[in-house]
Amino acid sequence: MNTRDSEIMLQLLEQNGYLLSNDLASAEAVIVNTCSIRGKAEQKAYSFIGSLRRLKEDNPDLIIAVAGCVAQQEGQKMKVRMPHVDIILGPQSIYQLPDLFQQVANERKGIISTTQSKDFTIPSFLPSLKHGLPHKRFVTIMQGCNNYCTYCIVPYTRGQEVSRRRSDILAEVRHLVASGVREITLLGQNVNSYGNDQPQEERTSFPELLRQVAAVPGLVRLRFTTSNPKDLSPALMACFQDLDNLCHHFHLPVQSGSNAVLRAMNRRYTVEEYMAQVAGLRQACPDISLTTDIIVGFPGETAADFQATMDLMEKVRYDSAFSFKYSSRPPAKSCDFEDTVSDEEKVERLAIFQNRQREITGERYQEFVGRTLEVMIEGMSKMGNGQWSGRSSHNLIVNFHSPASYSPGDLEHVTITEGCLNSLRAELNKEKVKND
Ligand code: SAH
Ligand code: SF4
């Protein structure tokens, strides 16, 4: 989501005559887009913003803007702690950035723009394709979250759920596809709530929106993220049966395998309900690749609770997982819970989880060996070994040698020969080689 916000800010500034610079020392303005989801991200942001003080001393005309969740949350506090920052703007204010730049240049005084309104509407916006990969793009469908998982800061920093108008989303997708984009990922903190904030008569459910986006002619691949398991509906599962261009990947964050911890997290599903969702997805799409998010060391997590998370991962066998040590994020509710897990225990549990996940990922990769997959090319492999690199529908990275020349977004059929640490190795599909 932050990546998409950065793209929007860049485009708006370019439309107002600014040029992107890769050199901090000679730049006339610096925008720091921040994330506060975990304590570490916030510390990193503060230390980088602090390091800009020297630049400002050397060049008092330099405009420094801080955007994103840390800016939203800290507001005035940031201004006091970091007086060299000119503009502090929250996620709802990014569309005003060029005006805020103008205001700072005219008035030469700091601005804090962190208002959050329930009536906020995401402006109509046609993205430029000047930067980034030409074949795949993110499209925001909603902002904010109403779920209040007890550990999570998002509802406070990004505000309440605001869905984008369906017509704007479809216009953006059509514009991107007409400009050569072949893969779209729809973005929201909990995409299943899409439309819930809209008047009944205008409401479109997420599965319905997905069907309409999938039907845009020329769209080759469609993905979405993220989905809270409590809201995963049979109608969404049915999309995997019906929509040919919907990719075979589902990110379904479980957070914990213990019902006691899930309750304390206010996730509003049980392990049993989660497993039923996994079974439903696998029934709708046997080939589906599942990934997840896990938090270890949530306040009150016992050794048995952690073992329950390990047991769940053995049952589901995720293709990969993002795993985090719990971090206290005021004003999230869990800050008032007694933090019973020492940092050493958190570190140990995280390592146990990640080591086992690495093994399972390797085992899952082995299951792909011998299969023929359609790969969407991204470019040459970063390993610099002359291989092409692309992604399967499951979102797995696949590297292979080929005498052909490809452009990003081209499709190729390859047969998987080997599972590596973070990718699959493949060779050109034998059938194809014979026919060439
Ligand atoms: N909306 C998504 C999650 C977005 S945040 C969802 O509901 O699944 C991405 C991930 O960060 C979360 O899934 C969670 O695993 C992790 N996370 C959020 N707050 C955290 C915290 N306080 N400590 C550690 N990890 C956290
Ligand atoms: Fe945070 Fe929960 Fe909302 Fe995800 S669903 S953004 S974890 S409050």
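Just follow the structure's listing: the first ligand is 1, and inside any ligand the first atom is 1. The analysis underlying the following values was restricted to heavy atoms, covering all of them including side chains, and did not include hydrogens, waters or symmetry mates. This is a predicted model, so every value here is computed, not measured.
Here the straight-line distance linking atom CZ of Arg221 with atom NE2 of His248 works out to 10.0 Å at 0.5 Å rounding.
The only member of Asp231, Thr226, Asn196, Asn228 that meets side-chain hydrogen bond (donor to acceptor under 3.5 Å, both in side chains) when paired with Asn190 is Asp231.
Under 3.5 Å, the side chains of Tyr151 and Gln255 contain a donor-acceptor pair of N or O atoms. Side-chain atoms of Asn266 and Lys333 include no donor-acceptor pair closer than 3.5 Å. Using modelled atom types, one finds a donor on one side chain and an acceptor on the other under 3.5 Å when comparing Glu208 with Gln212.
Nearby protein atoms of type N, O or S around atom 2 (Fe) of ligand 2 amount to 1 (distance under 2.8 Å).
The shortest distance between side-chain heavy atoms of Ser389 and Lys382 does not fall below 4.5 Å.
Contacts of ligand 1 (protein heavy-atom distance under 4.0 Å) are Ile37, Arg38, Tyr151, Gln189, Thr226, Pro253, Gln255, Arg267, Asp293, Ile295, Phe324, Lys325, Tyr326, Ser327, Arg329.
Evaluation of the side chain to side chain donor-acceptor pair (under 3.5 Å) rule for Tyr46 yields Glu74 as partners, not counting sequence neighbours. A search for side chain to side chain donor-acceptor pair (under 3.5 Å) contacts involving Gln357 returns Thr361, not counting sequence neighbours.
Atoms of ligand 2 lying under 4.0 Å from any heavy atom of Tyr151, numbered from 1 in the order shown and given with element: 7 (S).
A donor-acceptor pair is defined here as one N or O able to donate and one able to accept, closer than 3.5 Å; no such pair exists between the side chain of Gln387 and the backbone of Ser381. For the pair Asp410 (side chain) and Ser407 (backbone), a donor-acceptor distance under 3.5 Å is present.
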